[in-house]
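All values reported here derive from a predicted model rather than from experimental measurement.
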Amino acid sequence: MLSEISIRDLGVIPDAVVEFSPGLTVLTGETGAGKTMVVTSLKLLCGARADAGRVRTGAEKAVVEGRVGTESLSADEVAAIDAAVAELGGERDENDEYLLARQVSAKGRSKAWVGGRVASAAALADVSTSLIAIHGQNDQLRLHNADEQRAAIDRMDAERIAPILQTYREQRSTWRSLVKELEEKTSKRRELAMRADQLSFAVEEIDGVSPEPEEDVTLAAQIRRLQDLDGLRDAAVTALASIDGASALETVGASASDGDGQEGAAELLGAAAAELGGTSDEELRGFGEQLRALTAELSEVSAGLGSFLASLPEETDSLDALMQRQAEIKNLTRKYAPDIAGVLAWRDKAERKLATLDVSGEALDKLAADIAAAEKKLAATAAKLTKARKAAAKRLEKAVTAELRGLAMPHTSLVVAFHEQDAGKAAGKSAQAGQAKPNFGPAGADDIEFLLSAHEGATPRPLASSASGGELSRIMLALEVVLAQGQSGHTMVFDEVDAGVGGRAAVEIGKRLKALAANNQVIVVTHLPQVAAFADTHLVVSKDAQSGAVSSEVRSLGDEERIDELARMMAGLDDSDSGRAHAQDLLDQARRAFTSK
């Protein structure tokens, strides 16, 4: 709910702070006083296009700030808004409200803020339009739009229609993907078959070599070892003989003569450790313990050298086989990836791709069958969606028609027409390339149109050709009154909703706006005293011309000032006693109309 807006250098308003209250707020003032600028400021907060021509003459920029609370919204609505603001990095202020702001420079540049953080105009609109709905002349024209009309039907029974529509969209996405795949495979069958052959050859080549993970690294190490086999054996034998003596070489197949009969270091260290360990001196016994630890480590090195010598091949005949294997591996890494890990990953990816490139007759038949099954499921959901919408449309027709009867359109009826494809018949066709596909649109298989019947028995006609501007305003108001039932905490702005209306119809508009404001905040720009009389809060925009410059201010009226303003709105009778008496009577009637309920 909007608590206040501040406006600086917008149009004829140099600086104004407008406080809004719950319930019905009307905004009045003489023509040219600046009422439009207040609505413009709200539109800017809702992400409307920035117009540099709206910046006050001589000013560098226009700034609009609005404070919005969410205390009257549902928990789900508040959670959605909180999440959207948090994603932008914004937060509530000290009054637990969100600060929304928009700046327009005289050069046409625009900036926006949400919850104290800079944001795009689109992001500002995402947040603000979930809280504030502005209805003006453009919104009346939107009633001609089929998508807007369908959206009104969906709002009428959102609890039932929304989940069906979500299911429909998910099924439609699956169906469209299958149809696209079949079309591609059919139109590019030869090209895809060639690609499949190439991938098959590559997979077979890799499988023929059947490389193991990191085999390229292992092969390189093995080849290096074989190429220096004699040198490696000599180094290991010499080291082993130095540790364990010449006698230890026989256990690994080396000649005892290779050790030259030398005594091993392990034996010498063992003797030294035993000698020191047998003394009575504690320090020498400590050295003996250190020598025994060294002897244990030498034993581990000796065992490792023995295993190394045992693993060395006797001959270098296997070197040729390893180098041949290395050549096969390098052939793969040259073609498919820099290393074996990359080759294996490429092979897995190619196999997955192959599964999607099957263009055989059997594969295409299976895909067509999948499409037919998806179409059948989608058609069933579309039919369910249509049924739910038709039920909601009947309720909407009845409710809006009843509202129109009270808005000086006593014989007019709203008729909702459904123009839809025979989805069941379409689902029975095979979706082969070149054949017409079912007309499953993004929001269903329904073409919905709002029509007006001028009187009972008259042929219903489209809104565009049967409703005037004033009638469109009343139809829009009737729709909002009906659709807002059960809704609370939202802010609705009506700009000149009473255009082209007068007399009793104006009173009825005032009553419906008042009823709409029972659970929502309603802000109305009006020129009719019959509407203004129903307000909970009456704001007036007044202008002052000094030194050739025109400026306007916005202020809230007390009871006496309201009488003067209502009298002025009644053909300028604010200076007459009869005009004031008439205004007082109008205000009293409006109050009685609701206090008596």
Distance-only donor-acceptor pairs under 3.5 Å for side chains of residues 111-118, two or more places apart:
none

Compile the donor-acceptor pairs under 3.5 Å between side chains in residues 33-42 and protein atoms, sequence neighbours left out, one pair per line.
{"unit_1": "Lys35", "atom_1": "NZ", "unit_2": "Gly29", "atom_2": "O", "d": "2.9"}
{"unit_1": "Thr40", "atom_1": "OG1", "unit_2": "Thr36", "atom_2": "O", "d": "2.8"}
{"unit_1": "Ser41", "atom_1": "OG", "unit_2": "Val38", "atom_2": "O", "d": "2.5"}

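Looking at Asp82 and Tyr98, their side chains come closer than 4.5 Å, going by heavy atoms from C-beta outward. Residues Glu508 and Lys511 are in side-chain contact: their nearest non-hydrogen atoms beyond the backbone lie under 4.5 Å apart. Here the side chains of Asp536 and Lys514 are in contact, with some heavy-atom distance below 4.5 Å. Side chains of Leu27 and Val554 form a contact here, defined as non-hydrogen atoms less than 4.5 Å apart. Looking at heavy atoms from C-beta onward, Asp9 lies out of side-chain contact with Lys61 at the 4.5 angstrom threshold. At a threshold of 4.5 Å between non-hydrogen side-chain atoms, the residues Thr491 and Leu131 do not count as touching. At least one side-chain heavy atom of Leu44 sits under 4.5 Å from a side-chain heavy atom of Leu10. Counting only heavy atoms from C-beta outward, the side chains of Val104 and Asp51 never approach each other to under 4.5 Å.
We find that Arg150 and Asp447 are not joined by a salt bridge, their nearest charged nitrogen and carboxylate oxygen being 4.0 Å or further apart. Salt bridge absent: Glu565 and Arg562 never bring a charged side-chain N and a carboxylate O closer than 4.0 Å.
Taking CG from Leu414 and NZ from Lys398, the interatomic distance works out to 14.0 Å, rounded to the nearest 0.5 Å. In this structure, Arg67 CZ and Arg92 CZ are separated by 13.5 Å, a value rounded to the nearest 0.5 Å. Here the CG atom belonging to Leu513 is positioned 9.5 Å from the CZ atom belonging to Phe534, to the nearest 0.5 angstrom. Taken to the nearest 0.5 Å, the NE2 atom of His455 stands 9.5 Å off from the OG1 atom of Thr412. In this structure, CD1 on Ile13 lies 11.0 Å from OG on Ser6, to the nearest 0.5 angstrom. To the nearest 0.5 Å, the span separating NZ on Lys390 from CG on Leu396 amounts to 15.5 Å.
Nearest heavy-atom pair across Val416 and Phe450 is CG2-CE1, 3.8 Å. When all heavy atoms of Val415 and Pro460 are compared, the pair lying nearest together is CG2-CG, 4.1 Å. Tyr168 and Gly441 get closest at one heavy-atom pair: OH-O, 2.7 Å. A pairwise comparison of heavy atoms in Gly66 and Ile5 identifies CA-CG2, 4.0 Å as the closest pair. Of all heavy-atom pairs spanning Ala158 and Pro163, the tightest one is O-CD, 3.9 Å. Taking each heavy atom of Leu100 and Ser128 in turn, the nearest pair found is CD1-CB, 3.8 Å.
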Chi angles and distances behind the side chain to side chain contact (heavy atoms under 4.5 Å, CB included) call for Glu91, Val85: CA-CA 7 Å; Glu91 59 184 3; Val85 175; 5.9 Å; no

Verdict with reasoning, Glu480 to Phe494, per side chain to side chain contact (heavy atoms under 4.5 Å, CB included): CA-CA 11 Å; Glu480 279 298 336; Phe494 291 90; 4.1 Å; yes

Verdict with reasoning, Glu553 to Ser542, per side chain to side chain contact (heavy atoms under 4.5 Å, CB included): CA-CA 6 Å; Glu553 65 171 357; Ser542 57; 3.4 Å; yes

Salt bridge (Lys or Arg N to Asp or Glu O under 4.0 Å) between Arg389 and Asp157, intermediate numbers included: CA-CA 8 Å; Arg389 281 175 170 161; Asp157 193 1; over 6 Å; no

Verdict with supporting geometry, Gln530 and Ile509, side chain to side chain contact (heavy atoms under 4.5 Å, CB included): CA-CA 8 Å; Gln530 296 95 325; Ile509 286 177; over 6 Å; no

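Arg172 places a side-chain N or O within donor-acceptor distance of the main-chain N or O of Phe440, the cut-off being under 3.5 Å. One N or O on the side chain of Asp93 and one on the backbone of Asn95 form a donor-acceptor pair closer than 3.5 Å. Side-chain atoms of Ser173 never come within 3.5 Å of backbone atoms of Arg169 as a donor-acceptor pair (strictly under, hydrogens ignored). Using modelled atom types, no side-chain atom of Arg102 and backbone atom of Cys46 make a donor-acceptor pair closer than 3.5 Å. Looking at Gln521, its side chain does come within 3.5 Å of a backbone N or O of Ser21 through a donor-acceptor pair.
Around the CD atom of Glu170, the shell of radius 6.0 Å holds more than 12 heavy atoms that belong to other residues, nucleotides or ligands. Within 6.0 Å of CZ in Arg405 there are more than 12 heavy atoms belonging to other residues, nucleotides or ligands. Within 6.0 Å of atom CD in Glu19, 12 or fewer heavy atoms from other residues, nucleotides or ligands are found, so the atom counts as exposed in its surroundings. Other residues, nucleotides and ligands place no more than 12 heavy atoms under 6.0 Å from the CZ atom of Arg8.
The side chain to side chain contact (heavy atoms under 4.5 Å, CB included) test applied to Glu561 returns Arg555, Leu557, not counting sequence neighbours.
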